[in-house]
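Okay, structure first, notes after.
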Number of protein chains: 2
Amino acid sequence: MPSPLPSRNRGPKPTKVDPDHLLDAAQAVFAEEGLRAASLRAIARRAGCDPALIYYHFASKEALFLALMNRRFPALLRDIEKLAEPTDLRPTALRLWDVLLIYHRHLKDDPGIRALIRGEIVRGAEGLSHLIEDQIRPMVGSIQRIFEQGIARGEVRPGVQPLLATFFLAKMQLEILDVLPAVLPLLTELPPEGAVLTGMRAWLEVLWRGVALDASAPLPTLPSPLD
Amino acid sequence: MPSPLPSRNRGPKPTKVDPDHLLDAAQAVFAEEGLRAASLRAIARRAGCDPALIYYHFASKEALFLALMNRRFPALLRDIEKLAEPTDLRPTALRLWDVLLIYHRHLKDDPGIRALIRGEIVRGAEGLSHLIEDQIRPMVGSIQRIFEQGIARGEVRPGVQPLLATFFLAKMQLEILDVLPAVLPLLTELPPEGAVLTGMRAWLEVLWRGVALDASAPLPTLPSPLD
DNA sequence: AGCAATATTCAACACCTGTTGAATTGGACC
DNA sequence: GGTCCAATTCAACAGGTGTTGAATATTGCT
C-alpha cells in the first residue's frame, strides 16, 4: 500500500465554494472580531471549507479584506455622489438626512467596513491606503460639497467649515450605528430597539440647528428608512 | 556539577521593578497596539524585565489592564463630578467646554483608556463590567446633569434629551482626540498640529448652537487649555 | 551566620496564527 | 478513455500568545 494514507475527501466539492461565498463568511467574521482578531481558520469554518482554499482565491488575509471593501464601497460612493449633485435643490437638511440614511442602508449590516472607515486603517495594513485615496476621499468630498452648496444657497451659515462639519456628521453616524445600541442598555433600562433611528433623528436635529443659518427654523419632516 | 546550568542573573535586581513602572510600560503598549493586540512580551520588553514578572504583580493580562484603568479613572471621575455640582452657576456652554477640557487633560496621553470608553468593553473582557458600573456610568450621569441643570436654568431648550446629548458630546470628543489628528492629513494638506483644539472649538460651537435655548446668542469666550 | 521572605528569570507548555507545497479528486474536452 | 486543468484538502512550518512551575539571587531579620 502507498505510504501517504489515501484520504478520500480532497478534490473539488459537489458544489463549488465561489469567492463570493468566502467574502460573505469573511464579512461575518470580520464583523464580529475586527480586522486583526478575525482568523482565517474561523472564516474557513464559517464558509465550510479549508483555510488553504482561501489562498486559492485570495493572495492573503489583507487581500481578502481589501476585496471585501471593494465589494461594498463603490455602491455606497455612487449613492453619496449622486446626492451631492448641484442639481439637487431640496432643503439641505433633507439632503443631510439622506446622507445618514444612505450610511444606514449600506453599512448597517457590515461592521467591518465601518471599522475601516472609523480608522482601523490608520495603524492597520498599508495596502489599504489607495482605498482611502479612491473611495473615502471622494465620499468625504461629496458630503463636504453639500455643506458648501448649503452655504451658497443661504441655508447654512458661512462660518461653518465644511470639512469639519463632514467629519462630525460621518463620525457621529458611525458611533450611532455601532455604539449606541450596545451602550444604551448599559446606561439605562431602555432596550436597544429603535435606538439607532432615535439617535439619528436627535443627532441631525442638533447638527442642523448648530449649522443652519436660521437655527430657529423647524426641520423639514424626515422620512423614515424604508427597509 | 549540578545538572541545571547555573544562570547568574536570576533573583532580585539592583533596582526593583515596581508595579507602577509596569503599568507605565503597559499603558504605552496598550496605547500603540490596542487591548487585544498588545502582548505581555512587548510590555515586559518595554519595562525591561521578564514577562513572567508581570504575573508576580498581576494575576493576568486582563487584571493588568484593569489596574491600568483603576489608576486613571478615579481622578477623571472626580473632576467631572466636581463640574456637575449644582452650585456651579457659570454659563452652561462654559461648563460643557470644561468637560471637553477635562477629557482632553486626562485622556490625551492614554489611548488605551479612550479605547475602553469607546467600547472595546462591549465584546472585550467580562471582568471590566463593574468598571462601567462604578466609573463610567457616574461620569455619564454627571454630564447628563449639567444638561438638565441647563434646561432648568433656561439655557438649554427643553426638547433636548440629556442622555443623548451626553452621548454626542463624549463620543465626538473621543473621535476628535483620536481620529481627527490622524485623518486630517489624509484628507487635506493640513498638518495635524492644532487639529484637536480646532476640532474641539468647532464641535462645541455646533453642539451648543444645536442645544441652546437661544441658538443665535454668541458663545462665551472659551479659555484654552493651559498645559 | 543562618533563615525566611521577596523579587526575578528561565524554560517550557499548549494553543493559535498566517502561510505554503504537495497530494488528490472531479469534471471538461478531445 | 485518456489527459489536462481547476478546485479542494492535508499536513506541516515557523512564529507568536498567555500562562505556569521551578530555580535562583538578593535583602532583611534574628
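Throughout, a chain's letter reflects where its sequence line sits, starting with A, and its residues are numbered from 1. Computation of the quantities below employed the complete heavy-atom set of this structure, encompassing side-chain atoms and omitting hydrogens, waters and symmetry-equivalent molecules.
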- Message: Once side-chain hydrogen bond (donor to acceptor under 3.5 Å, both in side chains) is applied, do any residues pair with B:E133, and if so which ones, sequence neighbours excluded?
- Response: B:R137

Atom-pair distance ([atom1] on [X]; [atom2] on [N]), nearest Å:
X     : N      : atom1 : atom2 : answer
B:I54 : D:dT19 : CD1   : P     : 10 Å
A:Y56 : C:dA22 : OH    : P     : 17 Å
B:E33 : D:dG16 : CD    : C1'   : 13 Å
A:D50 : C:dG21 : CG    : P     : 16 Å
B:L53 : D:dA23 : CG    : C1'   : 15 Å
A:H21 : D:dT8  : NE2   : C1'   : 15 Å
B:F65 : D:dG18 : CZ    : C1'   : 16 Å

I'd like to know if the side chain of [X] reaches the main chain of [Y], judged simply by a donor and an acceptor atom lying under 3.5 Å from each other, with no hydrogens or angles considered.
X      : Y      : value
A:K61  : A:R36  : yes
A:R114 : A:K108 : yes
B:R41  : B:P51  : no

- Does a sphere of radius 6.0 Å around CD in B:E148 hold more than 12 heavy atoms from other residues, nucleotides or ligands, not counting ones at 6.0 Å or beyond? yes

- Any idea which of D:dT19, C:dG18, C:dT9 is nearest the A:K61 side chain? C:dG18

- Message: Looking at every non-hydrogen atom in both residues, tell me the closest pair between A:L68 and A:A26 and how far apart they are.
- Response: CD2-C, 4.1 Å

- Message: I'd like to know if B:R10 reaches the base of C:dT9 with its side chain such that a donor and an acceptor end up less than 3.5 angstrom apart.
- Response: yes

- Message: Just so I know, are the side chains of B:F167 and A:V179 near enough to count as touching, which here means a heavy-atom distance under 4.5 Å?
- Response: yes

- Message: For D:dT20 and B:Y55 - does any side-chain N or O of the residue sit under 4.0 Å from the phosphate oxygens OP1/OP2?
- Response: no

- Message: Does C:dT8 have its OP1 or OP2 closer than 4.0 Å to a side-chain nitrogen or oxygen of B:H57?
- Response: yes

- Using a cut-off of strictly less than 4.0 Å between a heavy atom of the residue and any atom of DNA chain C, enumerate the qualifying residues of residues 39-46 of chain A by number. A:S39, A:L40, A:R41

